[in-house]
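Since the structure is predicted, the reported quantities are computational estimates derived from the model, not experimental observations. Order of the sequence lines sets the chain letters (A, B, ...), proteins ahead of strands, with each chain counted from 1.
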There are 2 protein chains.
Amino acid sequence: MSPPPLTPTGRVILGMIALGRQTGYDIKQFVDKSTRFFWAASYGQIYPELRRLEEQGLISGQPEPRGGRARTVYTLTPAGEAAFTDWLDDADEELPFEVRAEGMLKLFFSDAGTPEQRLRNLSAMRDSHQRTLDQLRALHDKPVDMPTGPRLTLELGIGLHNLIVEWCEAADRRLTTEATTDAD
Amino acid sequence: MSPPPLTPTGRVILGMIALGRQTGYDIKQFVDKSTRFFWAASYGQIYPELRRLEEQGLISGQPEPRGGRARTVYTLTPAGEAAFTDWLDDADEELPFEVRAEGMLKLFFSDAGTPEQRLRNLSAMRDSHQRTLDQLRALHDKPVDMPTGPRLTLELGIGLHNLIVEWCEAADRRLTTEATTDAD
DNA sequence: AGGTGCATGTAACAGGTTACATGATTAA
DNA sequence: TTAATCATGTAACCTGTTACATGCACCT
C-alpha cells in the first residue's frame, strides 16, 4: 500500500535536482565537488536510482539532446518536492554517522608493531588528511558565492580534517618525547 | 598464484586475535566497544571471514567447548602473524577514509527549507553527536589501563565528536544572530 | 520458570564500486 | 588529430546489515 521508502541516495538525487542539477552526469560532477567528503555516489548508483525515482513519480525526465548527444533533463514532480521537504522537515529521525578509517585501524593495532612503525603510520595518516584538507580549502577559497548549506558543511569538513592533521602532529610529538625520555 | 589479498575486515579479525580475542563472539563484543566508531563489524561478516582466514592458513581454530556449549578458539598461524605485521609495516598504502553522514546531508540541502528547519536539524545533529561523545567518554574514563593504540584512537574519536558538537553550537549562534539582525 | 549472556551460524537483502561499452562535442 | 569533456548505461562483483534459528549456562 505505502510507497517504497526513499533511500538515502534517492534523497541526495532529489536534493541535487532541487538545487538545479539537470542530468545524471551533472549530478555526479556536482556530488564530486560538494558532498563527496561526507556522501559519495557513483554512476552505477545514480542512473538506476533516477529510473526508480521516475517510476515512483517523484521526478520526471525530458529528453533534451544537445546536438547529436543524448541527454535527459530531470525535474521534481510535486510529489517529489513534497517527499524532499518532508525529509528536510523531519528532525526526529535518526542521523546515521558512519566512518571507515583504515588509518585509525592501523593506529589502533599499532601496539603489535614497533614505535617507529607507529610514527610512520601516524605520518602517513597526517599526509592523507592534509591532502584532503588542501582540496577542501581550494573549494572554499574559490570566489563563487555559495549557499549557506554547502558553505556550512564545507567549513565543518575543513574543521574536521584540520583537527585530524593537528592531532596527528601532536600525537607524533608526544610519542617522540616519550621515546626520547625512555631512552635517557 | 598469489594468495587472495587480505580484506580490511580480515585484517581487523587478525588484529583482534593478535590482541588476544579468542572466539567470533568475543571479537564482536570487543569491536563494539573499541573500533566501532571508526570500523564496525557484524556477525554476518565475522563468522564467514573466520572460515576464509582459516582456509587461507592465516588462523587456526581449536574446538574448546565450555561445558556443553560449542566454542572455537582461534590463534594466528605464523603466516597470519606475518600477514598482519606486513600490513602494519606498509606505510605507503592508501588509507581510505570514508564518511556517510546524513546530518551533514540535511544541512547541505537546508537552503531548500526554512531557517527554523535548519536550526532544528542542526540541533538534532548536535544531540546525536553528543550522545556518541558521552559513550566515548564513558569508555575513556573507565580506569582500565589501555594500550597506546586504543587510547590514541579513543582520544581522537572524542576530539572529533567534540568538535562537531561545538561547531553545531557555534553555527546555531551564528545563524540565530543573522536571523535576528535581518529582522531588525 | 524466565531472563540474560555466551556462542555459532546463515539466507535474504541492500547498498555500493569497478570496469566496461558506447558515442558525440569541443578545444588544443 | 587527438585529448578532454559531455553523456548514458549495465553486469559482475564485493561488502555489509538484518533478521532469523539454535541451544547451553547461569542467575534469580
Side-chain contact, heavy-atom cut-off 4.5 Å: [X] with [Y]?
X      : Y      : answer
A:I13  : A:Y74  : no
A:V12  : A:W39  : yes
B:R131 : B:D127 : yes
B:V165 : B:E169 : yes

Length of the line joining [X]:[atom1] and [N]:[atom2], which is rounded to integer Å:
X     : N      : atom1 : atom2 : answer
B:Y47 : D:dT22 : OH    : C1'   : 12 Å
B:D26 : C:dA7  : CG    : P     : 7 Å
B:I27 : C:dG9  : CD1   : P     : 12 Å
B:E64 : C:dC6  : CD    : P     : 17 Å
B:K28 : C:dG5  : NZ    : P     : 15 Å
A:E98 : D:dT15 : CD    : C1'   : 13 Å
A:D32 : D:dC6  : CG    : C1'   : 14 Å
B:Q62 : C:dT8  : CD    : P     : 13 Å

Check whether any side-chain N or O of [X] sits under 4.0 Å from OP1 or OP2 of [N], and answer yes or no.
X     : N      : answer
B:T9  : D:dT15 : no
B:T23 : C:dT8  : yes
B:Y43 : C:dG9  : no
B:Y25 : C:dT8  : no
A:R51 : D:dT8  : no

Both A:R66 and A:Q45 contact DNA chain D. Which one's nearest nucleotide lies toward the 5' end?
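Nearest nucleotide further toward 5': that of A:R66.
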What nucleic acid atoms does B:S42 come within less than 4.0 Å of, heavy atoms only: base, sugar-phosphate, or nothing?
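Base contact.
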Please tell me which of B:L50 and A:G44 maps to the more 5' nucleotide of DNA chain C, matching each residue to the nucleotide holding its nearest heavy atom.
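Going by which nucleotide is closer to the 5' end, it is B:L50.
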Which one, D:dC24, D:dA7, C:dG15, comes nearest to the side chain of B:R69?
D:dC24
Surrounding CD of A:E93 (heavy atoms of other residues, nucleotides or ligands, distance under 6.0 Å), is the total greater than 12?
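It does: A:E93 CD has more than 12 such atoms within range.
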